[in-house]
Amino acid sequence: MAQCEITDSAHLPVHTPTIKRKEYHNRILFPTQHKTHRFFLTSFIVPTKCHQCTSLMVGLIRQGCTCEACGFSCHITCVEKAPKTCPVPFHQKKGAFCLDSQKGMGTAYEGHVWIPKKAGMKKGWQRALAVVCDFKLFLYDMDEEEDSKPNVVVSQVIDMRDGAFSVSSVWPSDFIPARRKEMPRMFKVTASQLSAPSNRYSIPILADSENEKSEWVSVLSELHKILRKSHSGDRSVYVLKEAYDNNLPLIKTTQTAAIIDHKRIALGNEEGLFVVHVTIDEIIRIGYMKKIHQIELIPHGQMVAVISGRSHHEQLFPMSALDGRKTDIHKLAETKGCQTVTSGTVCQGAHTCLCVARKSQIFCYKLFQSKKISHRKFKELQIPTNVQWMGIFSAQVCVGFQSGFLRYPLRREGIPYRMLHSHEPTLSFIAHQPVDALCAIEISSIEYLLCFKSIGIYTDSRGLRSRPAELMWPATPSYCCYNAPYLSVYSENAVDIIDVNSMEWIQTIPLKKVQPLNSEGFLNILLLETIRLIYFKNKKTNGDELVFPETSDNQQKQMVRHHSSKHRYSFRVPRGKGILVKGL
């Protein structure tokens with residue numbers, strides 16, 4: 001039996017269509033007709049395969065169920081399909097490797113390999129467990145001791161559905177910095193979207209012997225052929241485009257960004273707020289603000305809100321200022337020290353609302369604009385602990401904090417709605433294991449997805465569980481962004497894209513040290529040796545997409561101030577009159 005920790009004493013007998021909730025010893029009980037398996041929810045601490053479908057049970061906690069009598073382990077969604085008899089008869093047991101090529105489910109191969117250390121190949125090799133599962137290559141870090149177990153957190157994932165996927169031996173002409181004696185044991189896996197700015201990237205992998213290397217190359221090549229024959233094509237949503245690198249000085253300290261329209265983006269950094277006209281590389285500085293921490297565009301009110309300065313004040317100005325027009329800045333004095341802001345409409349769009357969070361307080365304002373911007377505070381909310389996330393859903397402000405989410409009505413007075421019901425026994429583990437809140441998503445008027453740092457949970461409007469299955473993160477997330485219906489989950493080595501309706505994990509973007517700059521995750525900063533601004537272009541939408549110029553000549557370009565304006569710049573190859581900008 002795989003190593004695990006019991007996280008819930010909830011027994012889950014099989015072969016039942018629904019979950020019946022009973023408040024008895026905090027257990028999830030299924031009615032049963034037969035004396036069969038006694039399943040309980042389990043947190044596995046090493047990578048573990050489902051005994052029913054043979055796929056990996058990916059996740060950080062509560063990845064699946066284990067029968068306390070016979071040790072049969074499976075996904076929660078596979079409980080209904082499990083053999084009835086306990087223990088499972090030999091003829092009903094599936095082998096360790098069992099792939100359904102039509103559905104793309106199951107494990108086809110696994111073994112121990114070596115991959116480059118995080119600091120690069122020159123620093124040596126890192127022991128890893130490699131598993132080929134669901135037409136993906138999973139890599140799990142391991143310590144070098146013989147009896148060490150792999151970490152349950154996925155280190156890297158390469159999707160074989162990627163259009164550029166290939167596997168081959170390594171040759172001296174590949175210019176991979178390896179020892180000559182290691183070369184015969186090495187192979188490389190190539191895919192797209194693994195590195196910027198190039199559209200392809202190869203990961204060198206070292207096997208323990210030449211025979212094992214040949215076996216890996218053969219297995220991966222054969223599986224790729226099967227995949228192509230099954231017409232299970234690329235399901236990716238985003239294509240990555242490099243917008244700018246740190247040859248544009250603004251990029252080096254950029255902390256936040258917003259897409260104004262299909263030709264312009266706003267960038268906030270240590271030096272201030274800038275609008276970049278991406279098609280002509282013209283730049284306008286907006287006002288004299290410094291240290292921009294967050295940009296919130298408010299299209300309905302034709303305003304822009306920013307958190308700026310060392311004191312983290314909320315400031316407002318009309319959207320017309322983004323064209324370079326002079327304007328007054330409207331400061332909300334009591335917001336000093338705020339950490340996040342969100343906006344929306346109430347009263348069926350009649351009023352524009354701005355909510356500003358400062359520690360465990362939220363200030364709610366109605367915004368007005370005639371000749372000048374004005375505001376009126378109509379509500380002040382006290383949250384149980386510091387606000388970690390905030391958004392406006394259907395005239396309610398949704399607030400995320402450690403181990404919880406609440407919805408507060410904006411149009412009237414009233415108590416907040418718990419998004420995790422206190423009397424729902426299957427959700428009590430969240431309160432018992434304090435975990436940070438990342439974001440909440442309104443799936444429909446009656447269903448929400450609550451994203452915590454360890455797991456994602458679907459609840460209904462009463463705060464009760466709406467789906468028995470939970471969203472599993474392959475690695476510990478740092479951020480979550482949402483562009484319906486796709487959730488982007490950012491971790492140290494990748495961005496994983498999940499369809500929140502079907503709960504399918506449909507894409508992995510293996511970019512290391514990437515951070516989102518806006519709430520949808522379209523604009524991102526890649527914090528490697530060369531800092532880059534990366535645009536995630538959605539392939540499935542037709543419309544006004546940002547079109548960035550080619551970056552091939554960026555090394556010759558410089559940020560040059562117009563001789564007639566202190567606030568206008570060009571990013572171009574210097575010529576004629578102009579003042580070269582330094583220090584930005």
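Values below: all heavy atoms of this structure, side chains included; hydrogens, waters and symmetry mates excluded.
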Considering residues at least two apart in sequence or located in another chain, which fulfil the side chain to side chain donor-acceptor pair (under 3.5 Å) criterion with Lys453? none
Under the salt bridge (Lys or Arg N to Asp or Glu O under 4.0 Å) test, residues paired with Glu447 that sit two or more places apart: Arg467
Using residues 491-501 as the side-chain source, report each donor-acceptor pair under 3.5 Å to any protein atom, sequence neighbours left out, with the distance given to one decimal.
residue	atom	partner	partner atom	Å
Ser491	OG	Ala494	O	3.3
Asn493	ND2	Ser155	O	3.1
Asp496	OD1	Trp505	NE1	3.2
Asp496	OD1	Thr508	OG1	2.8
Asp499	OD1	Asn501	N	2.9
Asp499	OD1	Ser502	N	3.3

Taking side-chain contact (heavy atoms from CB on, under 4.5 Å) as the test, write out the residues that go with Ala257, two or more places apart. Leu267, Leu517, Leu523
Residue pair Ala431 / Ser403: nearest heavy atoms and the distance that separates them: CA-CB, 4.4 Å
Taking only residues two or more places apart in sequence or in another chain, which ones pass salt bridge (Lys or Arg N to Asp or Glu O under 4.0 Å) with Lys188? Asp174
Identify whether the distance between the nearest side-chain nitrogen and carboxylate oxygen of Glu212 and Arg185 falls below 4.0 Å. no
When the ring centroid of Tyr535 is compared with that of Tyr244, is the distance short of 6.0 Å? no
Answer yes or no: does atom CD1 of Ile446 have more than 12 heavy-atom neighbours from other residues, nucleotides or ligands under 6.0 Å? no
Mark yes or no for whether Thr42, through its side chain, and Phe40, through its backbone, hold a donor-acceptor pair below 3.5 Å. yes
According to ring-ring contact (aromatic ring centres under 6.0 Å, His included), does anything in residues 64-87 pair up with another residue at least two apart or in another chain? List the pairs. His37-Phe72, His51-Phe72
I'd like to know if Glu242 pairs up with Arg532 as an ion pair, taking the criterion as any Lys NZ or Arg NE/NH1/NH2 lying under 4.0 Å from an Asp or Glu carboxylate oxygen. yes
For Asp460, check salt bridge (Lys or Arg N to Asp or Glu O under 4.0 Å) against everything at least two apart and list the hits. Arg462
Those residues at least two apart in sequence (or on a different chain) that pass side chain to side chain donor-acceptor pair (under 3.5 Å) with Gln52 are none
With sequence neighbours left out, the residues meeting side-chain contact (heavy atoms from CB on, under 4.5 Å) with Arg127 are His112, Trp114, Met142, Asp208
Distance flag, aromatic centroids of Trp389 and Phe401, threshold under 6.0 Å: no
What one should report as the nearest heavy-atom pair of Ser488 and Tyr238 is OG-CE1, 3.9 Å
Should Asn538 and Tyr486 be marked as a side-chain hydrogen bond (donor to acceptor under 3.5 Å, both in side chains) after you check the CA-CA gap, both sets of side-chain angles, and the distance that decides it? CA-CA 10 Å; Asn538 190 335; Tyr486 305 111; 5.9 Å; no
Measure from NZ or CZ of Arg62 to the centre of the six-membered ring of Phe429, then state whether that distance is under 6.0 Å and the direction lies within 45° of the axis. yes
Which residues satisfy the side chain to side chain donor-acceptor pair (under 3.5 Å) test with Tyr479, sequence neighbours excluded? none
Would Phe44 and Ser73 count as a side chain to side chain contact (heavy atoms under 4.5 Å, CB included) here? Give the steps. CA-CA 10 Å; Phe44 299 98; Ser73 298; 3.9 Å; yes
With Lys513 via salt bridge (Lys or Arg N to Asp or Glu O under 4.0 Å) - residues at least two apart: none
Which residues pass the side chain to side chain donor-acceptor pair (under 3.5 Å) test with Ser169, not counting sequence neighbours? Lys213
